[in-house]
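Note that ligands are numbered from 1 as they come in the structure, with each ligand's atoms numbered from 1 the same way.
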Amino acid sequence: MNGSPRKKSRSELSEKKVTVILGAQWGDEGKGKVVDLLASTADLVCRCQGGNNAGHTVVVNGVEYDFHLLPSGIIQPNAKSIIGNGVVIHLPGLFEELEKNEKKGLKNWEDRLIISDRAHLVFDLHQNVDGLQEQENNKKGQGLGTTKKGIGPTYSSKATRNGIRVGDLLGDFEQFAEKFKALVNIHQRMFPSLKVDIDSELQRYQKFAIKIKPLVYDTVSFLDKNIKEGKRVLVEGANAAMLDIDFGTYPYVTSSNCTVGGVCTGLGISPMRIGEVIGVVKAYTTRVGDGPFPTELKDKVGELMQERGFEFGVTTKRKRRCGWLDVFLLQYTHKINGYTSLCVTKLDILDTLPEVKLATGYKLNGKKINYMPANASDLGKVEPEYLTMPGWQTSTEEVRYFSDLPENAKKYIKKIEELVEVPVKWIGVGKSRDSIITIN
Ligand code: GDP
Ligand code: IMO
Ligand code: MG
């Protein structure tokens, strides 16, 4: 050693301490439950994108928790929770969520919640604009069915560089007030009917600034330090691959990258630090909101999935559309996310069906295609090709070992593994924390 700082070897930099959990379909795959399962051995649980458009459910000892902005890992008392720079934060919503969960028993969050100073703020005006845009689009028959949580308008403000970040709120308040007035102005020019009580909003935000100050960190340095110290990091993806702004069914998507790239940009971590990428897959497919859905079932089987699966949006309470498992879609999202394992949830919902189907390919205008159409109207026209398998017509709810599953359920899981070419490591058979089969 000559006294100069030792150069880090490539292998030291590539310590793969970060495990990522991502939605592999159109959302609501059961990510919250998987995060809860793995968070028991994590030191940090992070959100990297999206906002309170997400709704993640965790059921512990009969108590149902729903998380929107907070990482679901917050209920694990030993884990710290990070809201990264890529997330958009509606502060009134965040504090409502904290209060609601405190009443259900959430403790000591003040010592465990960390918010990035680079995260953008969602204001009520963004939420109102989201509603107004939807109203206008609906008149033209082009509504997206957004959650109206202000997600699109806030990411638009970010991209047009008029957005306001957490760090701005904690800086000079006069400057924050000027930025806020400019933001109101821009939106009122677009929507003259938009009403904003600037003075009362500013007073409200002055109070929020005091409340969040102790929680705000430079999360890039914080994460880097923790990873170097060997801490285990879990990233909780929100929304899902088919809602990704680049790779999803554009324009019927959300406004962030919900695929693996969003983990790096939304937290400021190197891709070399990512180890496991777990794709969460419902045993069938659901979608809430508008947009193409090739395997959608508008028949009794779709209704059965909706009713048995209690398929209602956690955030908007809308009925989710249901259909067969689309393996062609999973093959597409695997190309983007590179899953190292899959967690198949809600297998129990298919327990009563005499047969189950997997979409293994698409035909467009009568011809087989080998790509996911980028054009939403083409995707709306594709005809899925199905592989039909016998159902198991036996309850799987009490099963805890793969070997105890009915033979036809085993074959269904094995077929998914074979076609996606990714091992299935967990199978969900019920809502609660322990209703899961782990395959070693
Ligand atoms: P997320 O957005 O991906 O976290 O999923 P949601 O919480 O929006 O929706 C998943 C729903 O399925 C929730 O009501 C969960 O409690 C429930 N759930 C998760 N896994 C299972 C499972 O294996 N079986 C059953 N029956 N329900 C499950
Ligand atoms: P989780 O994390 C299901 C859908 C909305 C709408 C579209 C755009 O619970 O899986 P947005 O408000 O984001 O501009 O809406 O995206 N959407 C979701 N659907 N689960 C989600 O999150 C979703 N987040 C957004 O329904 O169609
Ligand atoms: Mg959800």
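Summary of contacts: the protein heavy atom closest to atom 24 (N) of ligand 1 is D348 OD1, 2.9 Å. Among protein heavy atoms, the minimum distance from atom 2 (O) of ligand 1 is reached at G55 O, 2.8 Å.
In this comparison of K282, K31, Q25, the heavy atom closest to atom 3 (O) of ligand 1 sits on K31.
Between atom NE2 of residue H120 and atom CG of residue D168 there is a gap of 8.0 Å, rounded to the nearest 0.5 Å.
Residue contacts with ligand 1: G32 is placed with a nitrogen or oxygen under 3.5 Å of a nitrogen or oxygen of the ligand (distance criterion only). Considering backbone and side-chain N/O of G430, one or more are found under 3.5 Å from N/O of ligand 1.
Contacts with ligand 1 closer than 4.0 Å are made by backbone heavy atoms (N, CA, C, O) of V429 only, the side chain lying farther away. At a heavy-atom cutoff of 4.0 Å, ligand 1 is contacted by both the backbone and the side chain of D28. With a heavy-atom cut-off of 4.0 Å, T57 touches ligand 1 through backbone and side chain alike.
Applying the 4.0 Å criterion to heavy atoms of G428 picks out, from ligand 1, the atoms 23 (O).
Atom NZ of K319 is surrounded by 12 or fewer heavy atoms from other residues, nucleotides or ligands within 6.0 Å.
Residues lining ligand 2 at a heavy-atom distance below 4.0 Å are given as W26, G27, D28, K31, N53, A54, G55, H56, L144, G145, T146, T147, A238, N239, L243, V253, T254, V288, G289, R318, ordered by chain and residue number.
Counting only residues at least two apart or in different chains, ring-ring contact (aromatic ring centres under 6.0 Å, His included) contacts with residues 278-321 comprise W26-F293, F310-F312. Contacts classified as salt bridge (Lys or Arg N to Asp or Glu O under 4.0 Å) and involving residues 330-350 (residues at least two apart or in different chains) are given here: E311-K346.
Around the Mg ion (ligand 3), the protein N, O or S atoms found under 2.8 Å comprise D28 OD1, G55 O.
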